[in-house]
Each structure stands twice: as C-alpha cells, then as structure tokens.
Participant: 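Starting off with a structure, shown below.
Remember, predicted model here, so these are calculated numbers, not experimental data. Here is the naming used below: chain letters follow the sequence lines, and residue numbers restart at 1 for every chain.
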Amino acid sequence: MTQTSLFAARAAELRALLFQYGREYYVLDAPSVPDAEYDRLFRELQALEAAHPELRSDDSPTQRVGGEALAEFAPVVHAVPMLSIRTETDVTAAGAEAFDASVRRELDLLPLDAPIDYAVELKFDGLAISLRYQDGVLTQAATRGDGATGEDVTQNIRTIGQIPLRLNGAAPALLEVRGEVYMRRDHFEALNAGLLARGEKPFVNPRNTAAGAVRQLDPKITAQRPLSFFAYGLGQVTGWDAMPDTHAGVLDALAAFGLPVCEVREVVAGAAGLAAFHQRVAELRDSLPFDIDGVVYKVNSLAVQRQLGFRTREPRWAVAHKYPAQEALTVVEAIDVQVGRTGALTPVARLRPVFVGGVTVTNATLHNEDEVQRKDVRVGDTVVVRRAGDVIPEVVSVVLAQRPMQVLPGADLFSEGDSAPLHPPYHLPSHCPVCGSHTVREPGEAITRCAGGLSCRAQRSQAIQHFAGRRMMDIDGLGERYIDSLVEFELVRGVAGLYALDLDKLLDMKRRADERDNCVPDTVKAGKVATKWADNLLQAIAASKTPPLARLLFALGIRHVGESTAKTLADCLGQLDWVRRAPAAALAALPDIGAVVADSIAGFFAEPGNQAEVDALLAAGVAPQQAAHPSTKLHGLFEPVTLLVKLAIPRLTELRAGQLLAQVADLYALAALNRAQVIALDLPAEAANALADWLDKPTQRAALAQLADYRRDILAAIPAEAEQAAAPQPLAGKTVVLTGTLPTLSRDEAKVRVEAAGGKVSGSVSKKTDFVVAGEAAGSKLDKAQALGVPVLDEAALLALLAAPDSSD
DNA sequence: TCACCTCGAGATCT
DNA sequence: CTCGAGGTGA
C-alpha cells in the first residue's frame, strides 16, 4: 500500500468515526465517547487534510465552517415550491374538528366511514429550510423566501452540527428535506448570558436569533450560534425505491437517514385524535426545550394527500393549529393620532412597555374611532395586549376594574359608587394634529380623514415616502427622518422636488436638522460623512428616473391605485399620456377597475396641481419605461356598448345599450342627438326618457363626446400590424368557460388573453361551449362540462393553445 | 342583490 | 397581519 492511500484510508476512517460520534452527540443526544476524544480525532483529520488537500471532501466534518463571508446570498429556485400551510383560525379544540370535517367533505366521506389517519407533529417556531442531498451528500441549503425562490444559505447550514453532511444508509439519488432551523431556549439563554457577561447586547428571542444567524453572510458568525434543526417533510425526491407511503413513514425514514426528527409526533385517528393531541401538547408546551407556536395536522396517507391536492397556495391536507396568543397586561399611557398618506387619522395606543410573545411592545394600533369606542379604551386604562397572529400588537380588552376613577365633587369620600372615570370616552380630534385642518368622516365610512390634503405636512411627507418606497420609485437612502426634514424646511414641496435637490440643499438640510436636534458634530470627518451620504442619495434619486410605468403610477399615490391596479393601467393603456387623458368611463372598462376606482383616477388627473406635478416630474427627466403603444386588448375592452354602460346612464342596461348602438352610427352620433331624436329611437320609453334627460346636461353630453374621442384616438394609436403580430388568433370563434382558480393566471388575465386570441369567454357551460378551462376548486361548471361531453383543459393546456400559431392546426 | 375574493392602506418590530 | 371597501360572478 502506498503512503498516499494509507493516508486516504485513515482519513476515511476518521471521518466515519467523527460522523458516528457526531450523530450520537447531536442527533441522538447520547455521546459514547468524551468530547476530548472527539476533538482529538477532529484535529487529526484537520491536520491530515491540511497536509494532503486532495483528501478533503465536502462531506468531511472539518468542512462545516468553510468558505468566505459572502457579499449576498444567491437566489435558489425551489423545484418543488415551499408552500405555507393554512392556519386554522379557531384556536379552540373545535379547530381540529373543522379541519377533519373539511378533509372528509373534500373526500366525499360519509359520517359512518372510517376515521382518517393523521400524522400530527409540532409547529416549530424557527426558520423553514430546504436541504438538498444528492447521492446522500448535502449539496445545498436554501431558505424559503417567497416559497418559489429562496436564498442559498448552504455555508451557514453546514455549520449546524445536527445536520448531517452525509446521510446514513442507502440514500436516494436526490432527496430534498424540508425542516425548521430553530434555537433551543436553554441554548438561547446561555448565548445571552455570554453576551451579557461580555457587556454586549443580548438577543430578544430565540426565533429571531435563529433566523438572523441563518442569514448571516459570514458563516463564522453562524457557527457561533447554537442552532438546531428538525426535519418535517420532503421537497423534490428522485430515485427513492423504498419510499414510504405515509407521512409518518417518511419521517421515520428521515430519522433513519440520520436527520433529526422531533419525537413528539404521532399517528392519530379522526377529529378526536387531533383534539387529544392538541390538548396533550398544550400541557407539554412549557416543558419543551424549544418554542412552538402550535401543532400541525397532516393527512397520513401520501396517496390521500395527492387526492386532496392544493388550493391556490396551500395544501388541503395539512393545517396548523395554533394556541391562543400569549397575552399580557399593561397601561395605556396615551392615545396618539397618526396621519397617513391619504390623510387617514389612526389612533395609536402608547403603551407602558410590556414583553409579550417574544418582543417588547410599546405601541398598538387602535385602527379607527369605532374600534376605540367598541373596546372603550381610555388613557390610563389597564389593557390586555397580545400579538395578533403572533405579529401585530393588538389591544384585546380593557380591565374596567382598574380604570382610574375620580371622586365626584360633593360626594362623600367614604361612600361607594359616587365616582366617575378620570378620562372621558375617546374621540378623534376635530382638527388634524399636524396641520390643524378640520377632519371629516364620510357617512358610512370607518375612517376619519384630515381635509388638508397635500397642504398637510404629514400627508406631503408620507406621499413622498410612498413615492420613494421600494416597490415604487425605489430611492435608496431616503428614510422617513430625512423626508420629514426636507418637507419641514420646505426644500421639497411635491415629489418632483426630489429631482431638484442638489448637494448644497441636502447638506443645508442635514445641518439644520442636526442643529435642531442639538447635536452638532462639526468636525471635518462628520462633514465628509455627510457629503458621502448626500452623494449617495443624489445618485439613488438619479437612478430612479426610469421606472416601469406601473411603478410610477403606483408611486403617484392615487387613491385606490395600488400595485396591482397600477399594473392593469400600464398593461392596458401602455403609456402615461393615455392614463392621464383617460375619461372615467374608459378606465372603468378595464379589468378590475370599477366606477369608484375609475373616478378616483380620473379625478386625480383632473386636478391641475396633480397634472403640474406630473409635468414637473417629466421635465425633471423622469422617463417611465412604457410600451410602444396601447395594448391590443383595448379593441375588445373598449367596445362602444361597454363604454356606454360605464357612463352609468340611468336605466341603460347592457341590453338596451346594445339596442341603442344598433340604431345610431357610433358614440359621436349619439352625442349629437336631440331630445326628439332620442325619444324616436326604438327603446323602452322610460329608457329613452332617461337618456334624453341625461343628454340634456351639457357636461354629460361633453363627457360622452370626450369618451368617443378618447376611444378613437387610443385605438388609432395601436398599429394595425401590431395587432396582427402580437395577437395571432388561435381561439378565433371559440367559446370558452373558465371555472375555479387557475394556478398562475387570474380569472381576468385568462379572460383577457382568451379574448385577445379571438375567443369569447362565457359564464355558463352549454352545448355551444368549445371547452372549459378548470382550475382548483372547480365547481358545478366542471360537472356540467363532463355531463355535456365538453372538453376540459387545465391552465397549461390553455396556455399551450394560446401559444399555438393559429386555430387551423 | 348578496357572497366571495382581491386589493389597498394602515401599523409593528427586527 | 388585519380590516375595510371595491369589483365581480352567481
């Protein structure tokens, strides 16, 4: 035997030993050798590998902390999405019954059918991770991210001793293991004790500490955090011959591979079994060495799981059943009022700091006036606070017995009952706390608003904050504090003002802000830091000048226009100009835009100040990325009948609008009719009268003419060849019915796309229906299609059809 | 007209 | 995350 192969053999032997001891220590919690012996072998292997780098291998225990700190995490696309799991809203035992009932309903089981077997386990309070084992070797670890794409945290995950770098036994060719990285409570406390001893700041709770550690760019830091792991499921799997057919069997198999699997797990029968487990874990909860936020119920049989399938985002065969949120008592020290971007006044309870559900809570929103009064929260009250959904602090109720009281004047000091609450019931102020404008609450609305509009500093400030936000213009480094100062010192009036900022203005602002805050670090270094900050900010502002049109529209902060409506506007109208000019009736013809939203948009651009602001943005060099021309969809969306209906002329139904347009040449001709001509039309008398009355109002007649102009102009702006090129008509003349929830397309998108392809979307299935596209939760339409023998497609098949060159294939 | 669903808007804390 | 409100299909 050569010397090299001798070393290789020894290295393999050491690795095997360390692997076994490591597993005993980390996973089984039952070491068979003292720590010192493990360390000795570990160092020997390290030395051997250092001397002979060719002997190194990725699954060596010495390679847990390797590699350099990263600049950022690489994105990882999950082959099988990491779905979230539905949370049962009912936290009482009845929640277990509700889940069992929904599963049985979905499976069409009768009350007397045998109970369903469920695999039940704990819901760990940590960070979900997907581990990828190829031929038994850990090759990649990724966070959940948005479920479809996560971050590559392999380096960090490798530092977790409990996670095997290599699986025991005959591993599948590919095994993706899903599980939770968490931190034990005792480890968390020891970590904090160490930090405190060194005078450092302790962590707040185990969950955040674990999540933070996994997302450390430098694995050496992660390695110093005592993390643990539990496996609870699978992602992509190939080449697993002996794959079990139950969830419980899978977990047992994962444990046999050497992965840590929590032992608090069972297979139970029916709702009663679920409820009993829920109850048992409730009692066990405090004695567990780690935090959980509930239990998880999963249908045990993998075949039945497949049968149940998925809703849009979550499996139908699993549910998380949480425990009632932790509550705590504290005192309302004040009720402040915040003014939002739209002028909404929101009462916020300032609380005496209280530790609840893992964090210290000092504020809690009280939503609106009704909410405060319903709970009757007053200053000085002792209140029950919890974190709703374990996140947002919420005032649950007031402890009336502890309300501060005053003895009424003239009452006998020693008699009872002659006292009154110290503070009156809460009311929102009649004037804006920021600008002093009066406040209004529209009848039927829950929200009270400041009437000051953009003259209110709070609203201006928030409008700019919104504009600069990440999902809007994405101006980095422009935080709340700076915006407030910019607005306060009037360096910026509207959003366009941001583009007129220069170095001097920014430095001036910073100096004045610092002066006001009484911290004047007037050193050369501070000056340099400030200049650097201003430079970066100016660069970020300059970099924001070419957003996609949808983002710019969203950034403008038009009421009722969020991310999705902005996208609809951009997709359909293509260019900013068409949006600015659009009459309300045209907007209301776009998908998911109704009268209220359309009026809000048209109203925004009808305001000269807003038009000026948009012009100023354009003049400052903001140039949104926009389409070459409006969408070809408009041909379908802007049918004269549709637009006419959207004008909301009294008594004019879609049917009558159709009759009407069959008699007049076009919208222009309609706008030119006099009263006698309208009455002479072949329409029900009441409709004709209403239409004549409507046309008598000059503004409405003008609106109709404007709408006709807009339609003519925008359709003319769509090049004919674009229509040909962009919209082949694979579905020409076909009638399609959509049912259920499609996996990626919304109903509207699907409809628009079918129509763009020349098809007609109908609401109900008949013999004339060419095919039905069925998604999740398809209902009676699917049944009817099957009864009539109408072909049923899924979304993928529809997309394939849409992508086909034409209908003659 | 109603029930359902999606979107917008607001707030919290790390 | 939650609530309210707007849009749409039944």
Side-chain angles (χ1 to χ4, degrees), chain A residues 84 87 89 127 201-213 215 311-313 322 325 336-351 353-371 374 385-395 441-442 444-449 458-459 462-463 465-466 469 471-472 480 553-554 557-569 587-601 646 737-741 746-749 751 761-765 776-777 779-781 784:
Chain A
S84 53
T87 301
T89 40
L127 180 74
K201 213 175 142 223
F203 290 105
V204 177
N205 62 45
R207 203 208 91 84
N208 290 348
T209 313
R215 300 200 67 259
R311 314 217 301 201
T312 331
R313 289 181 88 103
K322 298 195 174 182
D336 284 355
V337 176
Q338 296 193 357
V339 183
R341 170 166 66 86
T342 59
L345 300 192
T346 309
V348 175
R350 305 292 172 199
L351 305 169
V354 62
F355 194 77
V356 51
V359 296
T360 304
V361 167
T362 53
N363 303 307
T365 175
L366 295 168
H367 300 293
N368 55 52
E369 191 161 29
D370 289 350
E371 178 82 2
R374 197 167 61 237
V385 174
R386 72 167 171 224
R387 296 214 298 150
D390 276 340
V391 177
I392 311 280
E394 174 191 33
V395 171
R441 179 169 171 191
E442 297 291 332
E445 290 235 310
I447 308 276
T448 306
R449 296 194 139 84
Q459 291 187 56
Q462 302 236 7
Q465 237 179 89
H466 173 77
R471 279 140 70 225
M472 302 77 172
E480 183 177 343
L553 289 171
F554 183 23
I558 305 166
R559 271 253 236 135
H560 297 126
V561 177
E563 208 164 8
S564 143
T565 306
K567 197 165 175 310
T568 304
L569 291 172
L587 294 167
L590 303 179
D592 290 325
I593 296 179
V596 174
V597 178
D599 282 344
S600 166
I601 300 167
K646 298 295 176 186
V737 173
L738 305 171
T739 178
T741 312
S746 75
R747 237 188 150 73
D748 282 318
E749 278 172 298
K751 184 170 176 204
V761 175
S762 161
S764 52
V765 181
E776 278 300 320
S780 58
K781 291 190 217 171
K784 185 152 185 204

Participant: Would you mind listing every salt bridge (charged side-chain N to carboxylate O under 4.0 Å, His left out) that reaches into residues 354-367 of chain A, with sequence neighbours excluded?
Facilitator: none
Participant: Closer than 4.0 Å, any side-chain N/O of Thr346(A) to the OP1 or OP2 of dG10(B)?
Facilitator: no
Participant: In the structure I gave you, are the side-chain heavy atoms of Leu569(A) and Leu587(A) within less than 4.5 Å of one another anywhere?
Facilitator: yes
Participant: If you assign each of Thr342(A) and Thr360(A) to its closest nucleotide in DNA chain B, which residue comes earlier from the 5' end?
Facilitator: Thr342(A)
Participant: Could you grab the distance from atom CG of Leu351(A) to atom CG of Asn363(A), nearest 0.5 Å is fine?
Facilitator: 7.0 Å
Participant: Asn368(A) side chain N/O closer than 4.0 Å to the phosphate oxygens (OP1, OP2) of dC3(C)?
Facilitator: no
Participant: Choosing from dT12(B), dT14(B), dG10(B), which nucleotide comes nearest the side chain of Ala344(A)?
Facilitator: dG10(B)
Participant: Check the distance between dA9(B)'s P and Arg341(A)'s CZ and give it to me in whole angstrom.
Facilitator: 5 Å
Participant: When you measure from the side chain of Thr565(A), which nucleotide among dG7(C), dA11(B), dC7(B) comes out closest?
Facilitator: dC7(B)
Participant: Across the strands shown, which category fits Ala595(A) at heavy-atom distances under 4.0 angstrom: base, sugar-phosphate, nothing?
Facilitator: sugar-phosphate
Participant: Checking all strands, does Glu371(A) fall into the base, sugar-phosphate, or nothing category for heavy-atom contacts under 4.0 angstrom?
Facilitator: nothing
Participant: From CG of Leu590(A) over to P of dT6(B), roughly how many Å is that when rounded to an integer?
Facilitator: 20 Å
Participant: Within this structure, what is the NE2-to-P distance between His367(A) and dG4(C), rounded to whole angstrom?
Facilitator: 8 Å
Participant: Nearest whole Å is fine: how far is dT12(B) P from Phe355(A) CZ?
Facilitator: 18 Å
Participant: Quick one: Leu366(A) CG to dG4(C) C1', roughly how many Å, whole number?
Facilitator: 17 Å
Participant: Calculate the interatomic distance between Glu563(A) atom CD and dG6(C) atom P; express it in whole Å.
Facilitator: 20 Å
Participant: Between His560(A) and Ile593(A), is there a donor-acceptor pair closer than 3.5 Å when you use the side chain of the first and the backbone of the second?
Facilitator: no
Participant: For Thr362(A) and dT12(B), is the shortest distance between a side-chain N/O and OP1 or OP2 below 4.0 Å?
Facilitator: no
Participant: Just compare dT12(B), dC7(B), dG7(C) and give me whichever is closest to any side-chain atom of Val597(A).
Facilitator: dG7(C)
Participant: In whole angstrom, give the distance that lies between atom CD of Glu369(A) and atom P of dG4(C).
Facilitator: 14 Å
Participant: Which nucleotide sits closest to the side chain of Asn208(A): dG6(C), dT14(B), dT12(B)?
Facilitator: dT14(B)
Participant: When you measure from the side-chain N and O atoms of Gln338(A) to the phosphate of dG10(B), is any distance below 4.0 Å, counting only OP1 and OP2?
Facilitator: no
Participant: Return the nearest nucleotide to the side chain of Ser564(A); candidates are dG6(C), dG8(B), dT12(B).
Facilitator: dG8(B)
Participant: Which of the following nucleotides, dT12(B), dG4(C), dC3(C), is nearest to the side chain of Ala446(A)?
Facilitator: dG4(C)
Participant: Let me know the distance between CG of Leu345(A) and P of dG10(B), rounded to the nearest Å.
Facilitator: 11 Å
Participant: List in chain and number order the residues that pass salt bridge (Lys or Arg N to Asp or Glu O under 4.0 Å) with Glu480(A), two or more places apart in sequence or in another chain; answer none if no residue qualifies.
Facilitator: none
Participant: Between dG6(C), dC13(B), dT8(C), which nucleotide has the shortest distance from any of its atoms to the side chain of Asp592(A)?
Facilitator: dT8(C)
Participant: Is there a donor-acceptor contact under 3.5 Å linking the side chains of Thr342(A) and Arg559(A)?
Facilitator: no
